[in-house]
Number of protein chains: 2
Amino acid sequence: MRHQGKKKATIYDLSVLSGCSPSTVSAVLNGTWRKRRIKQSTAELIQRLAEQHRYTANLQARGLRNSRSGLVGLLLPVHDNRYFSSMAQTFEAEVRSHGKCPIVVSACRDPREERATVETLISYSIDELFIAGATDPDGIHLLCEAAGIRHINIDLPGTKAPSVISDNYEGARMLTEAIIQRLSATGPVKPDQIYLFGGRNDHASHERIRGFRDAQKQRLGADPDQCIQPTGYSPDMSQKAFEAFYEREGRLPRGLFINSSINFEGLLRFLAQHPHETFADIVVGCYDYDPFGSFLPFPVLMIRQDIERMLAKAFEIMEEPRPAVEIHLIRPELVQPRTALTGPLDLIREIDV
Amino acid sequence: MRHQGKKKATIYDLSVLSGCSPSTVSAVLNGTWRKRRIKQSTAELIQRLAEQHRYTANLQARGLRNSRSGLVGLLLPVHDNRYFSSMAQTFEAEVRSHGKCPIVVSACRDPREERATVETLISYSIDELFIAGATDPDGIHLLCEAAGIRHINIDLPGTKAPSVISDNYEGARMLTEAIIQRLSATGPVKPDQIYLFGGRNDHASHERIRGFRDAQKQRLGADPDQCIQPTGYSPDMSQKAFEAFYEREGRLPRGLFINSSINFEGLLRFLAQHPHETFADIVVGCYDYDPFGSFLPFPVLMIRQDIERMLAKAFEIMEEPRPAVEIHLIRPELVQPRTALTGPLDLIREIDV
DNA sequence: CGCTTTTGCACAATCGATGGTGCAATCAAT
DNA sequence: ATTGATTGCACCATCGATTGTGCAAAAGCG
């Protein structure tokens, strides 16, 4: 069967070929033919023709008619770090297993971009939207609600839709305590020897800062304000903060709590500018796991957010008929230095070469 | 203006509200109204109403009518590493700047999955497809051609569509020579002291192996077969290969050429199982750049593929009316150890916090 | 053999946007 | 005032699939 030039076969083509009506063809090909009492032999005839002519449904037409598309969206702040790329990977697998088509888009942590992107997705009649790390979850909620689209927040919570997030407070406590413990091995630790870098005015940062300060106060007796250095989510800004500190103090803090792997990249840039000795005796904790980051030449403690469980929970909530607007906390995991965890890629079976 | 419950406004709603016909409304809202000689005042009236009622076009309907969707697809093998996530990031920005909607999907390096995914995309009438790292580019080509969809291969070439790929041979040579040079500093290098791990039966691997061997032979006088250890693209398999080597030889090779950052993760897993001394004097070269990987406690040379130029070239070719089926090589860059390069995230402006 | 059921399918409206065509009203020119 | 051009817009078919409804033919039944 030659592929006939340009046009794809439609139910009308098959209708002519089979001698049946388009509606019959449609019913056969979308599986509702038993309900519609189509003869088995008719169904088989049409299925055979469909195969011969490589028929595939025009999903835009179907979506238009059904006002649903089979698309499931994931809105990310960015693609390019292991936390979010790992989320995308896991998300895709899950959506595929539901027989739907995953759509992953990023919106650069820009509220306007976020809303514009979501409006586009809505215009394609996506069926569900997973909103990860949005700066303005409630604004997106309004758009989704107006369009009647099920949605859920991940990573950063909103107040109007159910949310599944990492237990940032607990994670930050764990991480801070682990940093302190590590540092204790090389001498007594004073509160102003541990600094938090990165993050901005979002829920996750607040919680992490709260956890950091609580642990600091509880373990070290104080939580000085100057130890908190929010730099936004930008490697460049973080680097500047490290440089500024170094300029001022002549060294890095003994303990560094870094708010995300993106900010950690700022530290890398700093490192590239300075000799080994500069960070000979520091301990770093990073809220986010990156396998390569775990093996750097100084101790790096990491928090691995449990993406699988977060997404599993989110999909579970999506199934509920009328999910409660509440925040589900998923406990993250402390990862010791020099640890190579498995990830979503390990679930992919290797094809024979 | 309350959002009226569920349904979105359509041109028909606006038609009633404005007293104009649907076609007039359509013309006004899609910008063709001057061509259609609609009065300015009519246009303004309709635009005002559209805004008040938060009209946004149903893109499925538009797509159905136009048999094009405004969607531009990028097919990736996987999301979860910095090479591909970086590509996704760059791709999105580029597509957005063309006023289209980027769709990034991964197909797990499985030819069947690849084809199924592409068929789905075609069913949504995507306008263009960028095929990155596909195992079966020519199979995908057939699908695209039958559907009349412009497409281009990136990262792995096909024989039926234009391709833009990294100059894997040159990159591998550069990397191999850099490894040898580094090793020479600590004593004379013999050919069987440098091993290549990872990759499989694809064009990129072949070229890299060729470059590796040529450099080995030229610099060291021989290129023993046993120095090539293809392990597929799986951290797990790579780890096993390292373990096997270590088991057999009691140490790692002095020089390691690792075919991709995914295989590099296999080395991490190996490292996690062994003490520092095991890799005290090794030199690693990795074909792929990962910022964290660059700062590991042993020298790591990396090849950064020039994603920006590759994509820029690909977009350029897409514009051509009838692009030639040829392979465009883009020269990658050797990255010295302890280097923190900027990436696509640096182009994102930080929002005020 | 009539009458009711069941079987098997066709018809036609619909989803929302687009664009070719046609037509009335206005205006300009003779 | 008649003709011709221009302006401004409405009409309607169309993209491909879905689905409620209706109806003829076949089958079952007394």
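Note that the structure is predicted; figures quoted are calculated from it, not measured. Numbered from 1 within each chain, the chains take letters A, B, ... in sequence-line order.
B/Q40 places its CD atom 14 Å from the P atom of D/dT7, with the value rounded to the nearest Å. Taking atom CD on B/Q60 and atom C1' on D/dA17, their separation rounds to 12 Å, with Å as the unit. We find that CG of B/L59 is positioned 15 Å from C1' of D/dC15, with the value rounded to whole Å. In this entry the distance linking CZ of B/R68 with P of D/dG16 reads 15 Å, nearest Å. Taking atom CG of A/N58 as the reference point, atom P of D/dA17 lies 6 Å away to the nearest angstrom.
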Table please: side-chain donor-acceptor pairs of residues 310-317 of chain B below 3.5 Å, with sequence neighbours left out.
none

For residues 36-45 of chain A, which side-chain donor-acceptor pairs fall under 3.5 Å, sequence neighbours excluded?
unit_1, atom_1, unit_2, atom_2, d
A/Q40, NE2, A/E44, OE2, 3.1

Listed pairs under 3.5 Å, donor-acceptor, residues 83-99 of chain A side chains, sequence neighbours left out:
unit_1, atom_1, unit_2, atom_2, d
A/Y83, OH, A/D155, OD1, 2.6
A/Y83, OH, A/Q305, OE1, 3.0
A/S85, OG, A/N81, O, 3.0
A/S85, OG, B/D80, OD1, 2.7
A/Q89, OE1, B/H79, N, 2.7
A/Q89, OE1, B/D80, N, 3.1
A/T90, OG1, A/S86, O, 3.0
A/E92, OE1, B/S106, N, 3.2
A/E92, OE1, B/S106, OG, 2.4
A/E92, OE2, B/H79, NE2, 2.9
A/E92, OE2, B/S106, N, 3.0
A/R96, NE, B/E113, OE2, 3.4
A/R96, NH1, B/S106, O, 3.3
A/R96, NH2, B/S106, O, 2.9
A/S97, OG, A/E94, O, 2.8
A/H98, ND1, A/E94, O, 2.9

Which pairs of donor and acceptor atoms, one on a side chain in residues 120-127 of chain B, lie under 3.5 Å apart (sequence neighbours left out)?
unit_1, atom_1, unit_2, atom_2, d
B/T120, OG1, B/A116, O, 3.0
B/S123, OG, A/A57, O, 3.4
B/S123, OG, B/E119, O, 2.9
B/Y124, OH, A/S69, O, 2.4
B/S125, OG, A/Q60, NE2, 3.1
B/D127, OD1, B/S69, N, 2.9
B/D127, OD2, B/G70, N, 2.8
B/D127, OD2, B/K100, NZ, 2.9

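Partners of B/D138 according to the side chain to side chain donor-acceptor pair (under 3.5 Å) rule, which considers only residues two or more places apart in sequence or in another chain, are B/T159. Residues forming a side chain to side chain contact (heavy atoms under 4.5 Å, CB included) with B/S21 (at least two apart in sequence, or on another chain): B/S23, B/T24. With sequence neighbours excluded, the residues that form a salt bridge (Lys or Arg N to Asp or Glu O under 4.0 Å) with B/E308 are B/R304. Under the rule for a side chain to side chain contact (heavy atoms under 4.5 Å, CB included), the partners of B/L17 that lie at least two apart in sequence or sit in another chain are B/L14, B/L49, B/H53.
Boundaries of the chain A contact region on DNA chain C are C/dT7 to C/dG16, first to last in 5' to 3' order (nucleotide atom under 4.0 Å from a heavy atom).
Each end of the helix from C/dC1-D/dG30 to C/dT30-D/dA1 gets its own rotation axis from five pairs of C1' atoms, and the angle between them is 50° to the nearest 10 degrees.
For the 3.5 Å distance criterion, the side chains of B/Y233 and B/D202 qualify, holding a donor opposite an acceptor.
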Letter by letter from the 5' end, nucleotides 18-28 of chain D scores (B base, S sugar-phosphate only, - none; protein heavy atoms under 4.0 Å) BBBB-------

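Shown here for A/A61 and B/L64, the closest heavy-atom pair between the two residues is CB-CD1, 3.7 Å.
Heavy-atom distances to DNA chain D give each of B/K39 and B/L64 a nearest nucleotide, and the one nearer the 5′ end belongs to B/K39.
For residues 21-35 of chain B, there are no salt bridge (charged side-chain N to carboxylate O under 4.0 Å, His left out) pairs, not counting sequence neighbours.
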